[in-house]
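Have a look at the structure below, then the notes.
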Amino acid sequence: MAESVSGKAFDLHLFRKIMRYVKPYKKVFYGSIVFTVVLSVLAAARPLIIQYCIDNFVMEPNLDGLLHYTLLLIGLLIAESGVQFLFIYAANYLGQNVVRDIRNQIYEKIISFKLKFFDQTPIGTLVTRAVSDIETISNIFSEGILTIFGDLFKILVMVGAMFYFFDYRLVLISLSVVPVLYYATRMFQVKIKSAFQDVRTQVAALNAFVQEHITGMNIVQIFNREDAEMEKFREINEKHKKANIRSIWYFSIFLPVIEIMSAISIGLVVWYGGLEAAEGSAKISLQLWVDRMMGKEITEKMNSITLGEITAIIIFINMLFRPLRQLADRFNTLQMGMVASERVFKILETNDRIEDYGTLAMDHVKGDIEFKDVVFGYKEDEPILKGVSFKIEAGKTLAIVGATGAGKSTVINLLSRFYEIWDGEILLDGEDIRKVSLASLRDHIAVVLQDVFLFSDSIYNNIALSKEITREEVAEAASFIEIDEFIQSLPDGYNYNVRERGNMLSVGQRQLLAFLRAYASDPSVLVLDEATSSIDTESEQLIQRAIDKITEGRTSIVIAHRLATIKKADKILVMDKGKIVEEGTHEELLSKGGFYTNLYEMQFKASVQDI
């Protein structure tokens with residue numbers, strides 16, 4: 001999947017997509033906004049109360065009034081803490097619910113994709129999208145947009161209060177650094193967006209590399225690739241480090257800029273306010289002396305900037321620049337969330353699923369299968385099957401043989417509609433499988449792949465995947481194909497946990513469990529890719545007996561690697577370069593002395609024995 005990098009600071013279209021997931025929780029969202037408004041008002045009230053106390057109870061000492069307003073201030077702080085708690089809880093509650101809904105949707109989307117999508121997309125990248133990227137989206141609400149809105153609204157309330165209650169000249173001087181700060185913030189937004197795009201790209205690359213190499217660790221060690229792969233990991237890790245340092249570099253520039261602007265603003269307030277206060281005090285003293293000399297009564301105080309005003313404005317400046325400092329963190333979080341959401345929505349908007357437009361539900365399937373001039377390829381303009389046609393009657397066994405890359409496994413993938421054919425038809429009991437619903441089609445077909453996958457779970461849960469099957473029915477099926485003794489020999493029997501990918505079992509044991517899983521689902525059609533791995537004689541005999549049992553009486557298509565299976569097949573297809581070059585029984589094909597005869601002599605003659 002291609003990763004785009006955008007320097008756009010805020011994508012409104014993308015944000016609207018995210019907000020669609022907020023609709024079910026709009027009461028919580030609006031409640032969070034109300035909490036931010038209340039917090040802004042409470043925060044703006046504190047400096048005003050402090051100013052009033054200084055001018056009325058400190059400059060002119062009044063202990064009772066000072067105590068009364070101190071208690072009021074404490075009550076205000078307690079109320080602010082309570083509302084802050086409600087806001088944090090509501091914002092995180094909203095974020096986690098949105099994350100749950102998006103994660104459910106993306107997983108539902110992923111499991112509906114064509115196998116072609118997984119062929120082209122690293123698993124580690126999908127894990128990053130479904131886990132860490134979605135978790136980052138939750139921070140958009142808990143630490144991003146709601147907090148940014150609260151901070152911006154708090155700034156507006158405080159600026160409005162400053163202009164309303166204080167000398168406008170003093171307020172303008174305190175805010176004179178804002179244009180410089182605005183420009184710095186905009187530059188920071190653009191640069192940090194680009195930096196975080198790079199960070200998320202490197203995280204995905206790191207996850208993909210680690211996941212792939214842990215999965216294939218046996219290959220790494222067998223071929224002594226530890227040092228070479230470690231060097232590759234160092235290179236990827238170095239790119240990840242550089243991407244993070246780039247974002248930190250922008251961040252480390254922005255914070256000192258805010259600190260310098262804050263210091264300049266306070267310095268200007270102290271300078272101008274101090275001069276005005278000193279000049280005002282001198283004028284007042286002179287006017288009082290004149291009035292006394294003239295015998296006038298003093299009824300009003302002259303207007304002057306007071307110590308309380310200067311103190312309050314300094315507090316306001318600190319309160320203004322604190323959210324501005326935090327906005328760097330908020331934008332950090334918001335940008336990370338927006339970058340992560342952009343990548344998640346690419347998955348959600350990818351239209352690469354098998355179209356389930358079939359409406360036919362087949363309650364009973366006999367098992368007649370026909371391929372009519374089927375053309376298919378995994379890549380455009382590179383067909384693998386080139387007009388393949390064959391027919392198999394219900395209850396019969398068809399063996400497919402051929403050199404590697406001839407198209408044998410592709411036949412299996414197309415019958416279950418893991419991929420869509422380019423041209424031709426595939427019929428099941430005379431019906432085009434594209435007209436049959438996917439659930440109905442796959443309910444009647446069991447596939448045993450050469451590379452057996454088992455989940456990290458008990459044997460019973462790995463067997464009972466497709467249908468509701470009781471433990472007794474599983475044990476009965478295991479006894480029928482003669483592998484119950486092997487299962488019972490394991491610790492905990494059917495409750496034995498096979499661990500990730502069944503790594504606690506041998507290749508032959510995993511193959512036997514795959515046969516049991518297919519048989520227990522009672523399919524009408526069995527598709528089998530025989531294992532080619534070297535296995536012990538006992539497992540070989542168990543597998544052969546299991547094949548004989550599960551193919552009996554049902555339509556079976558087998559990619560055959562064992563001579564015994566080939567000889568017992570009702571029909572053999574010989575494939576080469578995407579075409580059927582010969583077909584017939586074992587004896588008929590040998591008598592032709594053609595392609596099958598050469599294949600037999602190269603691959604099977606040494607294995608001839610009395611079967």
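The structure presented is a predicted model; accordingly, all values stated were derived computationally and were not measured. Nothing fancy with the numbering, it's 1 onward along the sequence.
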If you look at every heavy atom in [X] and [Y], which pair is closest and at what distance?
X	Y	answer
Ala394	Thr555	CA-OG1, 3.3 Å
Thr350	Lys109	O-CE, 2.9 Å
Ala520	Ile463	CB-CG2, 3.9 Å

Report task. Before giving the answer on side chain to side chain donor-acceptor pair (under 3.5 Å), spell out for Arg554 and Thr397 the whole-Å C-alpha distance, their side-chain angles and the decisive distance to 0.1 Å. Result -> CA-CA 8 Å; Arg554 58 169 49 90; Thr397 298; over 6 Å; no

Ignoring hydrogens and angles, tell me if any N or O in the side chain of [X] forms a donor-acceptor pair with the backbone of [Y] under 3.5 Å.
X	Y	result
Asn462	Phe455	yes
Ser416	Asn413	no
Asp423	Val375	no
Arg20	Arg16	no
Asn237	Phe233	no

Report task. Report yes if the side chains of Glu349 and Lys17 come closer than 4.5 Å at any heavy-atom pair, otherwise no. Result ->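 In short, these two side chains touch, coming nearer than 4.5 Å.
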
Query raised in the report: Do Leu441 and Met362 touch side chain to side chain, with heavy atoms closer than 4.5 Å?
Result: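 Not touching, per the 4.5 Å side-chain cut-off.
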
Euclidean distance, [Y] [atom2] relative to [X] [atom1], rounded to 0.5 Å:
X	Y	atom1	atom2	result
Trp422	Leu385	CH2	CG	10.0 Å
Leu348	Ile106	CG	CD1	5.0 Å
His240	Asp198	NE2	CG	9.5 Å
Ile347	Ile134	CD1	CD1	9.5 Å
Ile384	Ser409	CD1	OG	11.0 Å
Ile369	Leu398	CD1	CG	8.5 Å

Among [options], find the residue that satisfies the side chain to side chain contact (heavy atoms under 4.5 Å, CB included) test when tested with [X].
X	options	value
Val525	Asp368, Ile392, Leu428	Leu428
Ser341	Ile18, Asp133, Thr136	Ile18
Val498	Asp457, Leu490, Leu505, Asn461	Leu505

For residues 472-481, dump all side-chain donor-acceptor pairs below 3.5 Å to protein atoms at least two apart in sequence or in another chain.
from   : atom 1 : to     : atom 2 : distance (Å)
Glu473 : OE1    : Thr470 : N      : 3.0
Glu473 : OE1    : Thr470 : OG1    : 3.4
Ser479 : OG     : Ala475 : O      : 3.0

Report task. Please state whether the rings of Tyr378 and Phe376 are parallel, tilted or perpendicular, taking 30° and 60° as the class boundaries. Result ->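 Because their plane-to-plane angle is over 60°, the rings of Tyr378 and Phe376 count as perpendicular.
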
Report task. Apply the test side chain to side chain donor-acceptor pair (under 3.5 Å) to residues Gln488 and Tyr494: give CA-CA distance (whole Å), side-chain angles for both, the deciding distance (0.1 Å), then the verdict. Result -> CA-CA 7 Å; Gln488 295 292 2; Tyr494 288 91; 4.8 Å; no

Query raised in the report: Which residue pairs pass the salt bridge (Lys or Arg N to Asp or Glu O under 4.0 Å) test when at least one of the two sits in residues 29-39, sequence neighbours left out?
Result: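 Every candidate salt bridge (Lys or Arg N to Asp or Glu O under 4.0 Å) pair involving residues 29-39 fails, so no pair, neighbours aside, qualifies.
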
